Amino acid sequence: MKGRFITLEGGEGSGKSTAIESIQAWLEAREISYIMTREPGGTPLAEDIRQLILHSREERVSDLTELLLVFAARAQHIAEKIQPALANGLWVISDRFLDSSYVYQGNARGGDKTMIDTLASWVVAESQPDVTLLLDVSVEVGQQRVVQRQQQDRLDKESLAFHEKVRQGFLARAKQEPNRVKIIDASQSIDAVKNDIATQLDQLAIAWQIGSVQ
Ligand SMILES: Nc1ncnc2c1ncn2[C@@H]1O[C@H](COP(=O)(O)OP(=O)(O)O)[C@@H](O)[C@H]1O
Ligand SMILES: [Mg+2]
């Protein structure tokens with residue numbers, strides 16, 4: 001049986017990396033085989049492209065260059081990691097995926113949505129996530145959580161207005177595709193967030209007819 005594809009989305013400090021732990025625990029309790037991955041990146045070449053995208057540099061990075069690099073990394077990630085895993089029956093959990101392109105390169109940078117649609121139809125095609133967990137938290141709280149981070153990358157350093165566009169962009173996508181995108185209130189405590197994620201996964205397991213754990 002083909003595996004399921006779950007993506008995590010949300011702004012910086014929304015708790016995506018933290019949430020992955022609870023998904024991992026949920027999958028292990030059900031003895032579901034899976035891989036964890038992330039974007040931009042996920043394969044050696046795609047991780048090299050990630051460095052190109054996120055590394056702070058003197059030279060201005062044109063919006064189109066950023067968009068194409070993100071999709072170049074994604075093409076490699078899908079072909080060499082995501083598709084082979086799903087075909088082997090593994091579940092794939094990705095920290096960020098296509099929604100981030102619509103939101104960062106589209107809503108926040110002002111990129112043309114039609115162009116992103118075209119790239120998505122070309123690069124992602126049928127490899128759409130089965131479900132997306134959107135961790136939603138205010139920009140202020142998200143930023144407070146990441147201030148301790150040693151390394152701020154090129155996108156972390158964007159303005160508050162940029163990050164607000166990111167948040168609103170994600171919420172708009174959830175509104176457009178409520179069946180796929182599940183909003184998690186990430187302003188709650190870590191335990192409460194993990195609990196909400198487990199509840200969402202339990203509901204999906206029922207819909208997908210996966211046995212429950214005793
Ligand atoms: N619900 C939460 N409440 C308080 N702190 C949190 C919560 N979720 C995550 N954190 C903390 O905030 C920081 C950023 O979380 P992280 O999972 O790395 O976010 P992201 O991967 O979305 O950028 C980490 O130090 C993490 O421990
Ligand atoms: Mg993270």
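Computation of the quantities below employed the complete heavy-atom set of this structure, encompassing side-chain atoms and omitting hydrogens, waters and symmetry-equivalent molecules. Heads up: numbering here begins at 1 and tracks the sequence. Remember, it's a predicted structure, so these values are computed and weren't measured experimentally.
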Considering all heavy atoms, the nearest [X]-[Y] contact:
X      : Y      : answer
Ser14  : Val137 : CA-CG1, 3.8 Å
Arg180 : Pro129 : CD-O, 3.6 Å
Ile78  : Ser127 : CG2-OG, 3.5 Å
Val92  : Thr37  : CG1-CG2, 4.0 Å
Val147 : Gln144 : CG2-O, 3.0 Å
Phe162 : Ala108 : CE1-CB, 3.4 Å

For this session: Test side-chain contact (heavy atoms from CB on, under 4.5 Å) on Ile183 and Phe170 and set out the steps.
Result: CA-CA 9 Å; Ile183 302 175; Phe170 277 129; over 6 Å; no
Student check: side-chain heavy atoms of [X] and [Y] closer than 4.5 Å:
X      : Y      : value
Tyr104 : Leu67  : no
Leu204 : Asp130 : no
Arg57  : Leu52  : yes
Ile49  : Gln76  : no
Thr18  : Val193 : no
Leu68  : Leu119 : yes
Val61  : Leu69  : no
Ile197 : Leu135 : yes

Find the distance between [atom1] ([X]) and [atom2] ([Y]) and round it off to the nearest 0.5 Å.
X      : Y      : atom1 : atom2 : value
Gln188 : Asp196 : CD    : CG    : 4.5 Å
Gln83  : Asn88  : CD    : CG    : 11.0 Å
Ile93  : Gln24  : CD1   : CD    : 9.0 Å
Leu27  : Met36  : CG    : CE    : 6.0 Å
Leu8   : Asp99  : CG    : CG    : 11.0 Å
Ser159 : Lys165 : OG    : NZ    : 7.0 Å

Where the side chain of [X] meets the backbone of [Y], is there a donor-acceptor pair that is under 3.5 Å apart?
X      : Y      : result
Lys16  : Gly13  : no
Arg50  : Pro40  : yes
Glu9   : Arg96  : no
Asn195 : Asp191 : no

Any link between [X] and [Y] through a network of hydrophobic side chains (Ile, Leu, Val, Met, Phe, Trp, Tyr) touching at under 4.5 Å?
X      : Y      : result
Trp122 : Phe71  : yes
Leu54  : Leu45  : yes
Val103 : Val70  : yes
Ile6   : Ile20  : yes
Tyr102 : Val181 : no

Exercise. Aromatic rings Phe97 and Phe5: how do their planes relate, parallel, tilted or perpendicular, breaks at 30° and 60°?
Worked result: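 The rings of Phe97 and Phe5 stand perpendicular, inter-plane angle above 60°.
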Problem set entry | Partner residues of Tyr34 under the ring-ring contact (aromatic ring centres under 6.0 Å, His included) criterion, sequence neighbours left out |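 ring-ring contact (aromatic ring centres under 6.0 Å, His included) check on Tyr34 returns nothing, list empty.
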Exercise. If we ignore angles and hydrogens, is there a donor and acceptor under 3.5 Å between the side chains of Thr114 and Asp112?
Worked result: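 On atom types as modelled, these side chains qualify, holding a pair under 3.5 Å.
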Exercise. Any side-chain donor-acceptor pair under 3.5 Å between Glu164 and Gln168?
Worked result: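 On atom types as modelled, these side chains qualify, holding a pair under 3.5 Å.
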Exercise. Leu64 and Met115: side-chain contact (heavy atoms from CB on, under 4.5 Å), yes or no, with the steps?
Worked result: CA-CA 10 Å; Leu64 183 59; Met115 191 192 283; 3.8 Å; yes
Problem set entry | CA sep, side-chain torsions, deciding dist, call: Ser94, Thr7, side-chain hydrogen bond (donor to acceptor under 3.5 Å, both in side chains) | CA-CA 5 Å; Ser94 186; Thr7 62; over 6 Å; no
For this session: Go through the steps for Val131 and Gln203 under the test side-chain contact (heavy atoms from CB on, under 4.5 Å), then give the verdict.
Result: CA-CA 12 Å; Val131 72; Gln203 285 172 10; over 6 Å; no
Exercise. Quick one: salt bridge (charged side-chain N to carboxylate O under 4.0 Å, His left out) pairs with a partner in residues 64-90, sequence neighbours left out?
Worked result: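 Listed by first then second residue: Glu39-Arg74, Glu66-Arg109, Glu66-Arg154.
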Exercise. Hey, mind stepping through Arg145 and Val141 against side-chain contact (heavy atoms from CB on, under 4.5 Å) and telling me if it holds?
Worked result: CA-CA 6 Å; Arg145 288 180 188 167; Val141 170; 3.7 Å; yes
Exercise. Can you name the salt bridge (Lys or Arg N to Asp or Glu O under 4.0 Å) partners of Arg167, sequence neighbours left out?
Worked result: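 Testing Arg167 for salt bridge (Lys or Arg N to Asp or Glu O under 4.0 Å), a comparison that skips the adjacent residues, returns Asp136.
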